Every structure is written in structure tokens, then in C-alpha cells.
Amino acid sequence: MNKDVVRERFNRNPKWKKFLDWVIMNQVETRPRWFIRLLAPLYQHRGRHSVIHHSARMDTPPYRKFSLGDYSVIESYACINNAVGDVMIGDHTRIGLHNTIIGPVIIGSHVNLAQGITITALNHNFENSKKRIDEQGVSTSAVVIEDDIWIGANAVVLPGVTIGHHSVVAAGAVVTKDVPPHSLVAGVPAKIIKQI
Ligand SMILES: CC(C)(COP(=O)(O)OP(=O)(O)OC[C@H]1O[C@@H](n2cnc3c(N)ncnc32)[C@H](O)[C@@H]1OP(=O)(O)O)[C@@H](O)C(=O)NCCC(=O)NCCS
């Protein structure tokens, strides 16, 4: 049985999912248990000459996909989390120091992420005023970073955003909406300041 079929069965059956989640994830730390982290290279695609620095925090349980393309690098102190959605990274891409990526996120090839960036596809639900926020679950909307993009230090990319190819996000920007290809965006919320 291939890995995709196992993942789909897991995600369809709530009881089985709950049990396996307990086996795989430390329920207090909400990260994969140590033996699962050791096995990760066996169930994940890591491309030729790709590097994941030792201090990077890989919260990548096997029931979602994580893949890293050829010659791509995950820098020190970055955190990759695919617990609620796949994280797919292309070739020749650099996930910078102290970045946080929370799936579902697709990052293309030749993407350069500077330091301290957050790219998140996850929101906590909060609409019900009679329930605590941590009882209301989460929702996700995929983020797509196309090919050939540079994102400056400390930028934040929010759920549902697509950044078109050959674009630049200025340092400190908060990207709340889609960015068309060949754009330079800056500010909070990020606006187009230049066509490239
Ligand atoms: C966006 C950036 C690349 C500059 O691009 P540029 O085309 O040279 O833009 P300019 O410097 O001509 O600035 C154009 C306008 O955008 C504004 N601007 C530039 N960077 C900005 C930023 N990070 N946030 C908000 N506004 C910014 C400028 O003030 C200027 O506004 P004005 O026209 O009102 O004076 C640069 O400012 C930046 O953010 N670099 C990221 C650096 C980084 O993170 N390096 C980490 C190492 S990888």
C-alpha cells in the first residue's frame, strides 16, 4: 500500500486518527515524539544535496506530506510544521534563519526567504463568544509562494495568500492579500509599491 493511501485512510477515520495521533505526537508539546523525528528521513522526500540544519525544529508527523527539493536549505532555528497541512518546498530554495512555516504551504523553486519570516496557513477560530478560543479549533487556507521570489526579513504571510512569481516582499511587510506576479509589495498591510 503506498504512503498516500495510508495517509488518506488515516485522515478519514476519526477513531484510528485519534489513536495514531497519540502514538505519533506528544500531546502536551504538540510535536512528534522523539522516535518519530528520528524516522522522518525514511517517510519524507528530501532532495539531492538538500540540507536541514540540526537546530531546525521539524514538526512533521508522517500523516501529512513534507518534501524538500534538490539543493534547498532549511536554516538554523527555523520551524516547519505540517501537522494540519502539507508543506512542499521546491528546488534551490532557502528557508531562512528563524523562519516559521505552518502548512498547508507550497513554496516553489529559487525562493529566498530572509530571516525571521512567518508563513502560516492556520487561523485559530474565535467567533463563538460562549466558548474559549482554544476550544474552537483551527481553520486552514493554503498559502502558495510561486517560483523566483525574495521575501525580506520579518515579513508575515497570512492564510490564503498566493504570491506570484518574480516578486519581492519588503522587510517587515504583512501580506494579507494575493500578490500578482512581478510585484514589489511593502508595508502593513502590504501594498504594491512597484512593478518589477
Ligand atoms: C524593498 C527593498 C528591497 C527596497 O526596494 P527598492 O526598489 O530599492 O525600493 P526603494 O528603496 O526605492 O523604496 C521605495 C519606497 O518603498 C519604501 N520602502 C522600502 N522598503 C520598505 C519596507 N521594508 N517597508 C515599507 N516601506 C518600504 C521606501 O520608503 C520608498 O517609499 P517612498 O517612495 O515613499 O520614499 C528593501 O527596502 C527591503 O525591504 N529589503 C529587504 C532587506 C532584507 O530583508 N534583507 C535580509 C537579507 S536576505
Side-chain angles (χ1 to χ4, degrees), residues 1-8 10-11 24 31-32 34-122 140-157 159 161-169 171 175 178-184 196:
M1 203 184 311
N2 83 22
K3 281 186 263 181
D4 287 344
V5 175
V6 175
R7 277 194 193 100
E8 210 203 304
F10 171 85
N11 288 319
I24 291 169
R31 65 177 308 200
W34 64 268
F35 55 90
I36 299 291
R37 298 205 297 272
L38 278 182
L39 293 172
L42 301 177
Y43 62 78
Q44 290 172 345
H45 173 74
R46 296 183 181 183
R48 285 178 307 123
H49 306 288
S50 64
V51 176
I52 300 177
H53 281 275
H54 290 302
S55 61
R57 177 169 165 161
M58 300 298 295
D59 288 354
T60 50
Y63 48 76
R64 305 270 180 202
K65 287 185 204 161
F66 165 77
S67 83
L68 183 64
D70 297 346
Y71 299 93
S72 289
V73 176
I74 296 183
E75 277 289 359
S76 304
Y77 308 108
C79 175
I80 309 290
N81 187 317
N82 72 347
V84 292
D86 301 341
V87 174
M88 315 295 276
I89 299 168
D91 302 328
H92 299 273
T93 282
R94 178 168 294 268
I95 308 297
L97 290 164
H98 288 277
N99 284 192
T100 300
I101 314 285
I102 302 173
V105 171
I106 297 172
I107 299 176
S109 295
H110 297 277
V111 172
N112 193 350
L113 305 184
Q115 304 77 31
I117 292 163
T118 296
I119 299 175
T120 178
L122 180 144
T140 59
S141 181
V143 174
V144 178
I145 313 288
E146 294 181 352
D147 298 338
D148 184 21
I149 284 168
W150 174 37
I151 302 188
N154 297 315
V156 178
V157 181
V161 164
T162 293
I163 301 184
H165 63 272
H166 200 88
S167 290
V168 172
V169 175
V175 187
D178 290 355
V179 174
H182 294 265
S183 309
L184 166 53
I196 303 171

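For the single chain, residues carry numbers from 1 onward in sequence order. This is a predicted model, so every value here is computed, not measured.
- A heavy-atom distance below 4.5 Å is not found between the side chains of I196 and S183.
- For the side chain to side chain contact (heavy atoms under 4.5 Å, CB included) test, residues two or more places apart in sequence or in another chain that qualify with D91 are D70, S109.
- Considering all non-hydrogen atoms of both residues, I36 and Y43 come closest at CG2-OH, 3.5 Å.
- Between the side chains of H110 and D147, no donor-acceptor pair is found at a separation under 3.5 Å.
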*Please test H53 against V73 for side-chain contact (heavy atoms from CB on, under 4.5 Å), starting from the C-alpha separation and ending with a verdict.*
CA-CA 8 Å; H53 281 275; V73 176; 4.0 Å; yes
Going by atom type alone, with no hydrogens or angles, which donor-acceptor pairs under 3.5 Å involve a side-chain atom of residues 96-108 and a protein atom two or more places apart or on another chain?
from: N99; atom 1: OD1; to: G96; atom 2: N; distance (Å): 3.0
from: N99; atom 1: ND2; to: G96; atom 2: O; distance (Å): 3.4
from: N99; atom 1: ND2; to: L97; atom 2: O; distance (Å): 3.3
from: N99; atom 1: ND2; to: A114; atom 2: O; distance (Å): 2.9

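- Looking at every heavy atom in both residues, L122 comes nearest to T120 through N-OG1, 3.1 Å.
- Looking at I117 and V169, their side chains never come closer than 4.5 Å, going by heavy atoms from C-beta outward.
- Between the side chain of S72 and the main chain of G90, a donor-acceptor pair closer than 3.5 Å is present.
- The two residues I163 and I151 have their closest heavy-atom pair at CD1-CD1, 4.2 Å.
- Minimum heavy-atom separation, P41 to R46: CG-NH1, 3.8 Å.
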*Could you walk me through whether R31 and R37 pass side-chain contact (heavy atoms from CB on, under 4.5 Å), step by step?*
CA-CA 9 Å; R31 65 177 308 200; R37 298 205 297 272; 3.5 Å; yes
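- L113 CG to I95 CD1: the interatomic distance, rounded to the nearest 0.5 Å, is 4.5 Å.
- For the pair P159 and T140, the minimum side-chain heavy-atom distance is 4.5 Å or more.
- Note that NE2 of H45 is 12.0 Å distant from NZ of K65, once rounded to the nearest 0.5 Å.
- To the nearest 0.5 Å, atom CD1 of residue I80 and atom OG1 of residue T60 are 8.5 Å apart.
- In this structure, P180 and S167 approach most closely via the heavy-atom pair O-OG, 3.3 Å.
- Distance check, rounded to the nearest 0.5 Å: CD1 of I119 to CD1 of I145 gives 4.5 Å.
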*Which is it for Y63 and N82 under the side-chain contact (heavy atoms from CB on, under 4.5 Å) test, yes or no, and what are the steps along the way?*
CA-CA 9 Å; Y63 48 76; N82 72 347; over 6 Å; no
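- Rounded to the nearest 0.5 Å, atoms NE2 (H54) and OG (S76) are 9.5 Å apart.
- Classification of the H182-H165 ring pair by plane angle, with boundaries at 30° and 60°, yields perpendicular.
- Atom-to-atom distance recorded for R94:CZ and I89:CD1 is 12.5 Å, nearest 0.5 angstrom.
- Contact between A83 and P61 at its shortest, heavy atoms only, is CA-CG, 4.1 Å.
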